[in-house]
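So the structure is just underneath, and the comments pick up after that.
Along the sequence shown, the residues carry numbers beginning at 1. What you see is a predicted model; the values in this text were computed from it and never measured.
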Amino acid sequence: MGDTVVHLHKTPDPSTEPATVTTLTVVPDPAPAAPVPLWVRSGRAVKHAVTHENTKTAARAVARHGLYVVGGARIVGRRTWDGKTAARYERFMRAAEAAGDMDAAMEWEERAQRYRDARHRRRMDLLHSPVDAAKGVAVTTGMGIGSLVALGVVMAIATKDVTDVVTPLMATVDFINLMITIVQVVWGPLVTLGPFLALLALWAVGSRQQAAPQWALPAHVRNGEGEPITPSIVVKALRDLGVPALRNAIKEMGDAGASMLSPIVIAGCGVEVDVTLPSGVSTNEVQNKRRKLAENLSRHEHEVFITIPQAARTVRLWIADSGALDEPIGPSPLVTDETMTADYGKGRAPWGQDLRGDAASLSLYQRHLLITGLSNQGKTASLRALALWASLDRRVEFRIADLKGVGDWAMFDGLATVLIQGPTDEHVIEATEMVEDALNEMNRRIEARRLDPGAVFDPLICIVDEAQVAFMCPAVDDDKRPYGGSKATSRYFMGVRKIHNQGRAVDVLMWQGTQDPTDQNLPKLVREGAHTRAALALGTESQAVMALGEKAVNGGAAPHLLRQGLDKGTLVVASDGIEIPKGQSSLTVRTHYIDDDEAKAITVRAKAIRDGITTLHSIERGEERDPLADVFDVMGTAERSYTQDIIKRLAILSEDAYGGWTFGDLKRVLEAAGVEAYKSHGRMVVRRDDVSRALADRDSDGSASASE
């Protein structure tokens with residue numbers, strides 16, 4: 001069919017234009033598509049019906065219930081075989097031999113022999129049982145008939161009717177006839193229903209044991225959701241781990257592979273089991289297969305933890321309930337118990353819960369601390385939680401440098417004697433000088449201890465959060481010494497190292513928090529100087545070794561396998577200050593989260609048990625000082641202060657002016673102003689009002705002189 005051309009004529013206006021002809025080409029509608037053959041439509045419908053999810057579900061259900069019967073028959077047959085033969089004992093013997101336990105193998109062999117002897121006696125008894133049974137039946141029948149006749153005679157005498165002699169006998173015959181009639185009536189249906197009842201029993205056994213292929217099971221069972229951990233599941237998971245020696249050993253053991261396992265016990269939000277590996281299988285072969293083992297157990301990798309206990313050739317598996325590790329653990333006792341106090345020397349800081357659900361608490365006594373992890377994983381919150389607990393001991397002094405500077409430690413203003421907040425090089429310089437002041441205090445205490453071996457000092461905790469900023473700082477001082485770096489000329493590095501070396505002996509401690517550890521931002525000598533080392537989620541195994549040490553990682557510590565962003569606040573800690581199961585080198589702890597408002601409430605309680613503290617926000621040096629005014633400033637709002645504390649705070653205020661001060665220097669300044677120090681409970685103290693009055697008198701005298 002061709003195109004149609006239509007000529008349209010337009011009548012022209014003679015005064016304006018000549019006549020024109022407009023041509024319009026009209027394209028007809030395309031021809032309709034040919035109809036789809038019926039057989040094609042039918043094939044598509046059949047394909048859709050076959051591949052539809054409902055069809056697949058129905059097919060799986062039919063196959064599953066049919067295979068339950070087959071699996072149930074197999075299970076019943078195996079149980080029957082085990083009951084009639086010594087197969088069970090043979091499996092236990094092979095398992096004991098594979099495990100190298102020859103004593104157990106001999107014991108099972110003896111049990112098997114006793115079973116065979118008893119079975120032989122039973123079979124020999126069966127040879128004589130027909131004759132014995134016939135004799136028994138004859139005797140029983142004769143005695144029964146005799147008893148019935150005797151009963152009939154008694155009845156006949158009583159009724160004086162001779163026919164009653166056979167009445168009991170005939171009654172028995174009628175009863176037997178009735179039983180035969182009942183059996184004849186019931187036998188037909190019973191024969192018909194018997195096979196169906198047997199199949200139903202087999203189906204029940206197979207259904208209870210999930211005796212069907214994995215593809216035929218319901219979706220939630222195939223995915224392992226809520227599947228309990230049983231010995232058979234653990235053995236299958238180990239068998240399918242891809243370790244040939246382990247697979248072959250379990251295969252030789254048969255179903256008795258569970259003999260490798262200790263009892264499976266509930267441990268917090270999961271279960272725990274020890275696995276004694278067969279000869280020829282090393283523990284690291286199982287450790288290196290953590291992900292595959294978790295998947296074989298129908299768990300995610302982060303829900304299975306593998307540690308090495310003290311027993312040889314043994315791995316300890318902790319397997320979480322599905323999804324349990326994603327649930328919060330609840331608030332800190334510091335928040336819920338407003339009456340809680342702290343004891344730095346004998347107490348333990350409530351930090352969180354271990355994987356077993358038990359409370360995990362950490363001793364801070366004379367232990368340097370290092371916490372590291374990737375950014376935004378809860379490092380500051382974990383470090384701050386320990387400091388909040390320690391703040392409830394009024395003896396503990398804090399000097400804090402927050403090199404992030406976003407207010408995470410702002411609540412310690414008025415509680416810490418020094419609080420530096422900021423990320424710049426200037427803040428790093430002040431943090432370095434803070435560490436060096438703590439070092440000088442350590443040296444002073446060591447000298448005092450040398451003169452008086454019984455001297456006791458209040459704990460001083462120097463905290464640097466985001467310490468990687470200090471190590472990476474490029475600034476240098478007037479003597480060209482760098483503040484950052486990891487060389488012997490680095491001021492921050494050497495200050496930390498020296499405190500690590502001797503500080504704990506006089507209770508001067510160094511706590512550091514740092515991100516994403518490397519050899520550049522966390523030097524080896526510094527990280528190995530910490531007694532308590534903890535790591536949140538890390539990127540690589542090499543970083544885990546840096547954070548916790550090679551021994552802890554070889555023992556199963558795996559912070560690099562924690563999920564970034566999902567396991568916030570979960571850390572792996574290696575320390576003798578926390579209770580770790582015997583034989584393990586680390587502990588995984590889910591820490592309590594204390595938000596800023598809760599932290600402020602705790603510091604309010606801490607300030608209430610202390611004298612007023614003036615917090616310095618910078619370290620000032622190289623300027624003219626007014627000693628009496630500085631004494632008044634460092635006394636804060638306390639009614640009176642110990643002279644030792646005044647000297648210590650003056651040294652923090654200005655190392656250049658007061659770093660070498662002794663009690664004699666302070667006494668000289670006070671006596672010149674007419675202020676007298678006196679003893680209270682065996683310690684020298686100064687009244688704040690006396691110093692204030694002396695300043696007022698001095699200022700008034702100065703004003704009078706000026707007016708004259």
Verify, without hydrogens or angle tests, whether W318 (side chain) and A267 (backbone) share a donor-acceptor contact under 3.5 angstrom.
yes
Does W351 reach the main-chain N or O of S382 with its side chain, forming a donor-acceptor pair under 3.5 Å?
yes
Flag, side chain of E303 to backbone of A320, donor-acceptor distance under 3.5 Å:
no
How many angstroms lie between CD1 in I329 and CZ in R590, if you round to the nearest 0.5 Å?
6.0 Å
Look at the side chain of Q377 and the backbone N and O of G565, then say whether any donor-acceptor pair between them is shorter than 3.5 Å.
yes
Strictly distance-based, threshold 3.5 Å: is any side-chain N or O of R533 a donor or acceptor partner for the main-chain N or O of R527?
yes
Under 3.5 Å, side chain of E598 to main-chain N/O of D595, donor-acceptor pair present?
yes
Would you list the pairs meeting ring-ring contact (aromatic ring centres under 6.0 Å, His included) in which at least one residue belongs to residues 540-563, sequence neighbours left out?
none
In the structure I gave you, are the side-chain heavy atoms of R119 and R122 within less than 4.5 Å of one another anywhere?
yes
With sequence neighbours left out, the residues meeting side-chain hydrogen bond (donor to acceptor under 3.5 Å, both in side chains) with E107 are R111
Residues which pass ring pair (Phe, Tyr, Trp, His ring centres under 6.0 Å) with Y365, listed by chain and number, not counting sequence neighbours
Y344
So do the side chains of R316 and F305 get within less than 4.5 Å of each other, counting heavy atoms only?
no
Could you tell me whether a side-chain N or O of R290 sits under 3.5 Å from a main-chain N or O of V304, the two making a donor and an acceptor?
yes
Check: D274/T314 side-chain N/O donor and acceptor closer than 3.5 Å:
no
S363: side-chain hydrogen bond (donor to acceptor under 3.5 Å, both in side chains) partners, not counting sequence neighbours
R367
Are the side chain of E466 and the backbone of K404 linked by a donor-acceptor contact shorter than 3.5 Å?
no
Do K292 and D240 meet the salt-bridge criterion of a basic N to acidic O distance under 4.0 Å?
no
Going by the ring-ring contact (aromatic ring centres under 6.0 Å, His included) test, which pairs reach into residues 531-559, not counting sequence neighbours?
H368-H531
Does N284 offer a backbone N or O that forms a donor-acceptor pair with the side chain of N288 under 3.5 Å?
yes
Applying the side chain to side chain contact (heavy atoms under 4.5 Å, CB included) criterion to L571, which one of L562, T588, T591 satisfies it?
T591
Please list every donor-acceptor pair under 3.5 Å in which a side-chain atom of residues 543-552 meets a protein atom from a residue at least two apart or in another chain.
from: Q543; atom 1: OE1; to: G539; atom 2: N; distance (Å): 2.9
from: Q543; atom 1: OE1; to: T540; atom 2: N; distance (Å): 3.3
from: Q543; atom 1: NE2; to: D516; atom 2: OD1; distance (Å): 2.4
from: Q543; atom 1: NE2; to: P517; atom 2: O; distance (Å): 3.3

Taking R384 for the side chain and D408 for the main chain, is one N or O donor matched with an acceptor at less than 3.5 Å?
yes
